[in-house]
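As the structure is a prediction and not an experimental result, all values here were calculated from the model. Heavy atoms only: backbone and side chains are in, while hydrogens, waters and symmetry mates are out. Residue numbering restarts at 1 for every chain, and letters A, B, ... go by the order of the sequence lines.
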Number of protein chains: 2
Amino acid sequence: MSAHASEQISHPSRAELELGAVLHALSDPLRLKIVAELASCESSTCGSIKLPVTKSTCTHHFKVLREAGVIYQRQRGTSRLNSLRRDDLEARFPGLLDTVLHAAHPRRKLQPA
Amino acid sequence: MSAHASEQISHPSRAELELGAVLHALSDPLRLKIVAELASCESSTCGSIKLPVTKSTCTHHFKVLREAGVIYQRQRGTSRLNSLRRDDLEARFPGLLDTVLHAAHPRRKLQPA
DNA sequence: CGCTCACTACGACGATCGTCGTACAATCGC
DNA sequence: GCGATTGTACGACGATCGTCGTAGTGAGCG
């Protein structure tokens, strides 16, 4: 009983992104790990990232990231595909994501291209 | 009754800086404002930055920033001089401070030099 | 159909956060 | 000395946070 069964997940628009919310979302080690993971594999399901917490907590963290505008979630069958909102983040806060990612894992190169 | 009456304020060493703590410190709008202010004037006292909170709260925020390693505090007479730990931040998390500052106030130029 | 899988929603819990007021300490100028 | 100024320390408060468990939804497969 839904429109298209895949597009009722709410995301903030690019213009709605708030620095405070993004920084807060990234200030948690678990969420930072999720973001780092997402940055290396193009996109993945919630379950494909192994975290030392229960599923509910996992859902919670993905929700925080989504509501801060850091990630985009798309329903795909029974699972949910997550991807970084690189373009939107770059447009509103240039360099922020790469800088934070690099600070978190100094081994990765700052600008992939 | 103190050693030198001016150097018992504890600061984390450069190596001790943690990304999570720094991001958390910067995720509060008031603290972000303090940091932005400190970035424009070389250094200033706690009272010289006008904030819509009481003195205790102000002290609290400066303490959070100091303990995260974002600012350095030095006693100077009855007041306390605050300055950004630009070099240490740059060494541990290259570009982070400038990126966040620029994201907070897009009008400022990214790299002053 | 019924079962499993992937995930969400809701309520609970202790911990931390941001705020405040009061009380206190140290320095400066009179 | 006294008082004013600048800031800290401590305790309190409500709000939010991170975590969990339980229950539920919806897609896919036998």
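Regarding B:R76, its CZ atom lies at a distance of 12 Å from the C1' atom of C:dT27, rounded to whole Å. We find that CG of B:N82 is positioned 8 Å from P of D:dG7, with the value rounded to whole Å. In this structure, B:E67 atom CD and C:dG18 atom C1' are separated by 15 Å, rounded to whole Å. The CZ atom of A:R74 sits 16 Å away from the C1' atom of C:dA6 (whole-angstrom rounding). Atom CZ in A:R66 sits about 8 Å away from atom P in C:dT8, given to the nearest Å.
Scanning residues 24-34 of chain B for heavy-atom distances under 4.0 Å to DNA chain D yields an empty list. Against DNA chain D, the stretch residues 48-65 of chain B makes heavy-atom approaches under 4.0 Å through B:K55, B:S56, B:T59.
Residues A:R80 and A:I9 meet the side-chain proximity criterion, which asks for heavy atoms closer than 4.5 Å. A 4.5 Å side-chain heavy-atom check between A:R85 and A:P12 finds at least one atom pair inside the cut-off.
Contact check, A:R80 against C:dT8: a side-chain N or O comes under 4.0 Å of OP1 or OP2.
Considering only residues two or more places apart in sequence or on other chains, B:S48 meets the side-chain hydrogen bond (donor to acceptor under 3.5 Å, both in side chains) condition with B:S44. Considering only residues two or more places apart in sequence or on other chains, A:T54 meets the side-chain hydrogen bond (donor to acceptor under 3.5 Å, both in side chains) condition with A:T57. Under the rule for a side-chain hydrogen bond (donor to acceptor under 3.5 Å, both in side chains), A:S56 has no partner lying at least two apart in sequence or in another chain.
Separation of atoms OG (A:S79) and CZ (A:R74) is listed at 10.0 Å; rounding is to 0.5 Å. To the nearest 0.5 Å, the span separating CG on A:L65 from CG on A:D28 amounts to 8.5 Å.
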Just list the side-chain donor-acceptor pairs under 3.5 Å for residues 14-25 of chain B, sequence neighbours left out, or say none.
from: B:R14; atom 1: NE; to: B:D88; atom 2: OD1; distance (Å): 2.6
from: B:R14; atom 1: NH2; to: B:D88; atom 2: OD1; distance (Å): 2.9
from: B:E16; atom 1: OE1; to: B:S13; atom 2: N; distance (Å): 2.8

